[in-house]
Amino acid sequence: MLELSFIKEHKEKVLEGLERRCYPAETSEIIDSILEKNENRKTLQGFLDVKRGEINKLSGQIGDLFKSGKQEEAQALKDQVNAVKGEMGDKEKQLIAAENQLTQLLYKIPNVPHPSVPKGKSDEDNEVHIPHQGDLPDLGESALPHWELAKKYQLFDLELGVKIAGAGFPLYRGKGAKLERALINYFLDEADKRGYEEIIPPLLVNEASGIGTGSLPDKEGQMYYMEKDDLYLIPTAEVPVTNIHRGDILDESQLPIKYTGYTPCFRREAGSYGAHVRGLNRVHQFNKVEIVRFEKPENSYAALEEMLKHVSDLLTALELPFRVLRLCGGDLTFASALTYDFEVYSAAQKRWLEVSSVSNFETFQSNRMKTRYKDSNKKKQLVHTLNGSALALARIVACILENNQTTNGIKIPVVLQPYTKFEVIS
RNA sequence: GGAAGAGUGGCAGAGCUGGUUUAAUGCACUGGUCUUGAAAACCAGCGUGCGGCAACGUACCGGGGGUUCGAAUCCCUCCUCUUCCGCCA
């Protein structure tokens with residue numbers, strides 16, 4: 001969430017940000033009620049602090065009187081305390097209510113987009129940041145989509161997934177499973193080379209973790225929820241890995257902190273059906289290698305560029321045609337200040353598929369998580385958090401299968417061959 | 001899942017028969033004195049949030065609730081950890 005002080009001092013920036021996100025005009029009223037609630041909160045707390053002070057003082061005196069045996073005088077002071085309590089009335093409850101309301105209101109305000117983020121409503125307004133170089137591959141009319149190829153070569157089985165779990169839970173097998181595992185290992189090794197510490201986190205998280213990254217309450221419907229245990233299945237490793245430092249006050253010398261982690265990701269994807277969700281294009285469970293960084297504010301955008309390069313290098317090495325988009329305000333996630341999406345061109349489906357998204361959240365997540373560091377002046381500051389997929393597997397597999405199909409089978413990209421230990425799927 | 005015990009500041013560890021606790025003490029850390037430099041010694045500082053220019057006030061001793069003039073301390077509840085038993089990859 002945004003910092004109160006920021007909203008107070010830069011209200012116009014917050015409003016302008018909402019506009020670029022194409023939020024409904026009424027949202028600006030929330031800003032006003034936040035400021036109003038905060039004043040209300042301050043008044044209440046100021047009043048209560050004074051009254052509590054009086055009670056503390058009187059209670060101390062009562063103790064002294066009891067020790068010296070002056071019961072009656074003590075009783076008189078007790079009456080005074082009760083009188084003060086009478087003045088307090090239900091103001092303590094009001095304060096708690098005001099604080100809660102304030103928090104709830106703050107949860108509704110998304111991050112302020114970076115100045116470079118274009119205004120826009122939907123993915124149609126996204127800006128091409130790095131266009132694809134050269135010609136797009138053309139496989140001709142005989143090219144098969146990946147779900148056909150999967151059948152032909154027994155790589156994954158969606159029907160079996162349905163039998164075992166339900167729609168959207170693919171079962172990988174044979175060389176399909178090996179390709180999956182090869183990609184995971186390749187991606188983890190590449191992250192390792194770039195100094196990311198590997199993490200295997202819990203796949204279920206509690207509510208506090210969900211709130212920390214901004215997944216809750218915003219994406220409540222997107223996550224699988226275990227009511228009996230009050231736990232959520234992770235939609236991405238971002239949630240458990242970022243929460244490693246929830247509540248921490250880090251030392252400046254610890255930064256930057258870089259983590260990578262492979263996890264399956266679970267998404268309910270409620271209400272999304274249609275031609276574009278066939279095969280592995282959109283599933284409830286998929287594998288992903290995530291990278292997460294904690295940075296000093298002044299370094300965070302340089303870090304974002306580094307992540308951009310990292311993902312670009314992976315896609316280049318995999319010989320996949322890709323482009324990078326700068327998301328417009330309306331397509332930006334709630335917590336993000338700037339997001340680059342990577343799209344790979346599927347030559348068989350003749351469309352671009354999103355395979356990665358790298359974002360800078362600035363202090364939006366760290367303010368929720370209260371992740372701070374002590375700078376050189378020993379002042380506490382919120383860190384900047386960033387994360388990105390490097391990479392999400394399902395669609396990468398789809399594109400590798402489709403783009404590399406030949407009459408003699410599917411060619412495995414050279415960099416993966418040491419991992420798959422086979423060069424072609426036939 | 002059952003039983004017992006325990007959760008205190010970066011760490012260790014008092015307090016827990018309710019009232020100089022504004023949480024002792026030690027370690028660690030920071031600054032200073034001393035020293036050619038370091039160590040040691042000594043002096044001082046040293047948690048987090050909110051309000052305030054500040055002095056300072058206030059809240060926080062796992063979370064939540066209660067009793068009381070007053071709660072780290074008593075009661076209820078939840079969570080976590082340890083030990084023992086049971087189950088188990």
Next on the checklist: Go nucleotide by nucleotide along RNA chain B from the 5' end; which of A:K380 and A:D79 gets its closest nucleotide reached first?
Outcome noted: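 Closer to the 5' end of RNA chain B: A:K380.
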- prompt: Given that A:R372 and A:I62 both sit by RNA chain B, which one's nearest nucleotide is further toward the 5' end?
  reply: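 Checking each residue's closest nucleotide, the 5'-ward one belongs to A:R372.
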Which atoms form the tightest heavy-atom contact between [X] and [Y], and what is the distance?
X      : Y      : answer
A:V117 : A:G329 : CG1-N, 3.5 Å
A:G261 : A:L188 : C-CD2, 4.4 Å
A:P118 : A:L327 : CD-O, 3.8 Å
A:A394 : A:L280 : O-CD1, 3.6 Å
A:G168 : A:V283 : O-CB, 3.4 Å
A:H114 : A:R20  : O-NH1, 2.8 Å

Looking only at atom [atom1], what distance separates [N] and [M], rounded to whole Å?
N     : M     : atom1 : value
B:G52 : B:G45 : P     : 27 Å
B:G10 : B:C61 : P     : 14 Å
B:U67 : B:A71 : P     : 11 Å
B:G66 : B:G13 : C1'   : 30 Å
B:C60 : B:G9  : C1'   : 11 Å
B:C79 : B:C42 : C1'   : 46 Å
B:U68 : B:U82 : P     : 38 Å
B:G18 : B:U73 : C1'   : 6 Å

Heavy-atom contacts, protein to nucleotides 56-67 of chain B, under 4.0 Å, summarised as B (base), S (sugar-phosphate only) or - (none) per nt, yield -BSS--------
query: In Å and rounded to the nearest 0.5 Å, what is the CG to OG distance from A:L338 to A:S116?
result: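 Taking CG in A:L338 and OG in A:S116, the distance rounds to 4.5 Å.
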From [atom1] of [X] over to [atom2] of [N], roughly how many Å is that when rounded to an integer?
X      : N     : atom1 : atom2 : answer
A:K51  : B:C69 : NZ    : P     : 19 Å
A:N206 : B:C78 : CG    : C1'   : 14 Å
A:D64  : B:U20 : CG    : C1'   : 8 Å
A:D248 : B:U48 : CG    : P     : 13 Å
A:N82  : B:C69 : CG    : C1'   : 7 Å
A:L382 : B:U48 : CG    : P     : 14 Å

To the side chain of A:R41, which of B:C69, B:G51, B:U48 is closest?
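The answer is B:G51, which lies nearest to the side chain.
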inquiry  = B:G70, OP1 or OP2 - any side-chain N/O from A:K85 closer than 4.0 Å?
reply    =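 Yes, because at least one side-chain N or O of A:K85 sits under 4.0 Å from OP1 or OP2 of B:G70.
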Indicate whether OP1 or OP2 belonging to B:U48 is found under 4.0 Å from a side-chain N or O atom of A:K370.
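No, A:K370 has no side-chain N/O under 4.0 Å of OP1/OP2 on B:U48.
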Query raised in the report: In which stems does RNA chain B show up, taking only runs of three or more Watson-Crick or G-U wobble pairs whose two distances fall under 3.5 Å?
Result: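 Stem segments, range with range: B:1-7 with B:79-85, B:10-12 with B:25-27, B:29-33 with B:41-45, B:47-51 with B:56-60, B:62-66 with B:74-78.
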For A:Y259 and A:Y196, I'd like to know if the aromatic rings sit close, meaning centre-to-centre distance below 6.0 Å.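 No - the distance between ring centres of A:Y259 and A:Y196 does not fall below the 6.0 Å cut-off.
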*So, A:E127 side chain and A:R326 main chain: donor-acceptor pair closer than 3.5 Å or not?*
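The answer is no, because no donor-acceptor pair under 3.5 Å joins these two groups.
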Inset, instruction - With A:K91 as the cation and A:F47 as the aromatic partner, state whether NZ or CZ is under 6.0 Å from the six-membered ring centre and within 45° of the axis. - result: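 Yes.
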